[in-house]
Amino acid sequence: MFRRLALAAVLLAAAAAPAAAQCDTRFTLVNNSGSQVNEFYFGPSSNSNWGRDRLGENVLPNGRQVSFTPGGRGGAYDFKVVWANGETAELMRVNICEASQIIATRRGIEAR
């Protein structure tokens with residue numbers, strides 16, 4: 001009986017391990033910068049190309065937020081915002097498994 005319980009515990013732990021290795025990659029871009037965000041880029045840090053503007057035809061006014069769910073795995077991600085005046089800010093190597101908000105501020109962008 002003890003052997004069966006021990007085996008069951010080992011099998012349950014092994015089945016749970018892949019789920020624990022994955023993470024929630026959803027995050028929210030919050031604009032607290034005082035200015036409109038016209039463009040937003042993000043992607044894995046291993047990719048040197050920013051790719052497409054994730055806001056598309058939209059913009060993000062000050063005081064508003066928008067949610068994203070990146071495809072793929074967690075790990076290090078890079079982020080870039082472009083404000084209406086053309087100024088930019090970048091935030092590199094953010095562990096997307098640990099950050100649920102990317103916040104545009106008057107000083108740049110930060111992760112929380």
Can you name the nearest heavy-atom pair linking [X] to [Y], along with the distance?
X      : Y     : answer
Pro70  : Thr25 : CD-O, 3.1 Å
Thr28  : Ser67 : OG1-OG, 3.3 Å
Gly74  : Cys97 : CA-SG, 3.7 Å
Asp78  : Ser45 : OD1-OG, 2.7 Å
Gln101 : Val30 : NE2-CG2, 3.9 Å
Asn38  : Asp53 : O-OD2, 3.7 Å

No-hydrogen, no-angle side-chain donor-acceptor test under 3.5 Å, Thr88 and Trp83:
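Judged by distance alone, the side chains do not pair up.
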Are [Y] and [X] linked, directly or through intermediate hydrophobic residues, by side-chain heavy-atom contacts shorter than 4.5 Å (ILVMFWY only)?
X      : Y     : result
Ile103 : Val81 : no
Tyr41  : Met92 : yes
Trp50  : Phe68 : no

Can you tell me which residue pairs pass the side-chain hydrogen bond (donor to acceptor under 3.5 Å, both in side chains) test with a partner in residues 103-112, sequence neighbours excluded?
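Applying side-chain hydrogen bond (donor to acceptor under 3.5 Å, both in side chains) to every pair that reaches into residues 103-112, excluding sequence neighbours, yields Glu110-Arg112.
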Rounded distance [0.5 Å steps], [atom1] in [X] versus [atom2] in [Y]:
X     : Y     : atom1 : atom2 : answer
Asn62 : Asn31 : CG    : CG    : 5.0 Å
Glu98 : Ile96 : CD    : CD1   : 11.5 Å
Leu60 : Asn58 : CG    : CG    : 9.5 Å
Leu91 : Lys80 : CG    : NZ    : 13.5 Å

Assess the residue pair Val66 and Leu55 against the criterion (side-chain contact (heavy atoms from CB on, under 4.5 Å)); give the C-alpha distance rounded to whole Å, side-chain angles, the decisive distance to 0.1 Å, and a yes or no.
CA-CA 9 Å; Val66 62; Leu55 293 176; 4.1 Å; yes
Taking C-beta and beyond as the side chain, do Val37 and Val59 meet within less than 4.5 Å on heavy atoms?
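No. Closest side-chain heavy atoms not under 4.5 Å.
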Tell me if the aromatic rings of Phe27 and Tyr77 count as close, with their centers under 6.0 Å from one another.
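Between Tyr77 and Phe27, which both carry aromatic rings, the centre distance is not below 6.0 Å.
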